Amino acid sequence: MRLGKYLSELTKPELEELKDLLNLSDEEEKVFNELSKGRSKVFVADRCKISTSTVDNRIKSIRSKLERLERRC
C-alpha cells in the first residue's frame, strides 16, 4: 500500500500516536503531515521546497521506521 494512502486513512489521534512512536525528524514529519492529507509527492516537494527525490528518500526513511515498529509488535 502507498504510504500516503495508508496515512490518509488514519484518524488524527492515530496519526499523532504514530508520529510519536516513529520518532520522526523535523523533515520527515513535514513530509508525513503532507502525505497524511493525501498530497502527491510533487505537491509535497513544492510545498516543502525540496526535490521529489528528496521526498522519495524521506518516504523510504518513514517506511523503514514503520517496518521496524511493526517488527517490534
Side-chain angles (χ1 to χ4, degrees):
M1 177 185 280
R2 285 186 14 236
L3 181 60
K5 181 169 174 43
Y6 169 72
L7 295 177
S8 67
E9 293 175 353
L10 298 176
T11 64
K12 186 169 182 155
E14 290 171 330
L15 285 168
E16 291 302 317
E17 181 179 1
L18 184 57
K19 271 198 285 191
D20 289 341
L21 291 170
L22 294 176
N23 192 28
L24 299 172
S25 70
D26 291 342
E27 294 81 13
E28 291 167 340
E29 189 170 341
K30 288 175 189 174
V31 171
F32 180 98
N33 289 336
E34 293 299 330
L35 291 175
S36 70
K37 296 174 187 172
R39 311 282 198 220
S40 72
K41 288 192 287 188
V42 172
F43 182 92
V44 174
D46 185 54
R47 176 100 172 189
C48 296
K49 301 193 183 340
I50 56 178
S51 70
T52 54
S53 62
T54 300
V55 173
D56 285 334
N57 288 336
R58 292 191 181 147
I59 289 171
K60 287 176 190 175
S61 178
I62 294 168
R63 280 185 175 280
S64 175
K65 290 180 179 187
L66 270 171
E67 290 168 2
R68 278 185 264 148
L69 182 63
E70 288 174 350
R71 282 187 290 234
R72 280 195 267 159
C73 296

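Note that the coordinates shown come from a computational prediction; the quantities given were computed from them, not determined experimentally. Counting from 1, the numbers follow the sequence of the chain as shown.
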S.K.: Measure the spacing between CG of Asp46 and CZ of Arg39 and express it to the nearest 0.5 Å.
M.R.: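 Asp46 CG to Arg39 CZ: 11.5 Å, rounded to 0.5 Å.
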S.K.: Would a distance-only check, ignoring hydrogens and angles, find a side-chain to backbone donor-acceptor pair under 3.5 Å from Ser61 to Asn57?
M.R.: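 Such a contact is absent between Ser61 side chain and Asn57 backbone.
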S.K.: With sequence neighbours excluded, tell me which residues meet side chain to side chain donor-acceptor pair (under 3.5 Å) with Ser40.
M.R.: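 Ser40 satisfies side chain to side chain donor-acceptor pair (under 3.5 Å) with no residue once adjacent residues are dropped.
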S.K.: In Å and rounded to the nearest 0.5 Å, what is the NZ to CZ distance from Lys41 to Arg58?
M.R.: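 Separation between the atoms: 14.0 Å.
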S.K.: So if you build clusters from Ile, Leu, Val, Met, Phe, Trp, Tyr with side-chain heavy-atom gaps below 4.5 Å, do Ile50 and Phe43 land together?
M.R.: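 Unlinked, Ile50 and Phe43 end up in two clusters.
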S.K.: Heavy atoms only: give me the nearest Ser36-Leu7 pair and the separation to one decimal.
M.R.: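 Shortest heavy-atom contact: CA-CB, 3.7 Å.
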S.K.: Sequence neighbours left out, what passes salt bridge (charged side-chain N to carboxylate O under 4.0 Å, His left out) with Glu16? Give chain and number order.
M.R.: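 Partners of Glu16 under the salt bridge (charged side-chain N to carboxylate O under 4.0 Å, His left out) test: Lys19.
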S.K.: Applying the side-chain contact (heavy atoms from CB on, under 4.5 Å) criterion to Leu18, which one of Leu66, Ile62, Leu24 satisfies it?
M.R.: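 Running side-chain contact (heavy atoms from CB on, under 4.5 Å) over Leu66, Ile62, Leu24 with Leu18 returns exactly one hit, Leu66.
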S.K.: Between Leu15 and Tyr6, is there a shared hydrophobic cluster once you connect ILVMFWY residues whose side-chain heavy atoms come closer than 4.5 Å?
M.R.: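 They do share one cluster, since a chain of ILVMFWY contacts under 4.5 Å joins Leu15 to Tyr6.
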S.K.: For Glu70 and Glu67, indicate whether the former's side chain and the latter's backbone hold a donor-acceptor pair under 3.5 Å.
M.R.: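 Absent.
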S.K.: Looking at side-chain heavy atoms only, is the closest gap between Glu29 and Asn33 below 4.5 Å?
M.R.: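 Glu29 vs Asn33: side chains touch.
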S.K.: Surrounding CD of Glu17 (heavy atoms of other residues, nucleotides or ligands, distance under 6.0 Å), is the total greater than 12?
M.R.: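 Open: at most 12 neighbouring heavy atoms sit under 6.0 Å from CD of Glu17.
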S.K.: Taking the side chain as every heavy atom from C-beta outward, state whether Thr54 and Glu27 have any atom pair closer than 4.5 Å.
M.R.: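 Side-chain contact under 4.5 Å: no.
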S.K.: Please determine which of Val44, Leu22, Ile59 meets the side-chain contact (heavy atoms from CB on, under 4.5 Å) test together with Phe32.
M.R.: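 Exactly one candidate clears the test, Leu22.
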S.K.: Lys65: what forms a side chain to side chain donor-acceptor pair (under 3.5 Å) with it, not counting sequence neighbours?
M.R.: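 Only Glu28 meet the side chain to side chain donor-acceptor pair (under 3.5 Å) criterion with Lys65.
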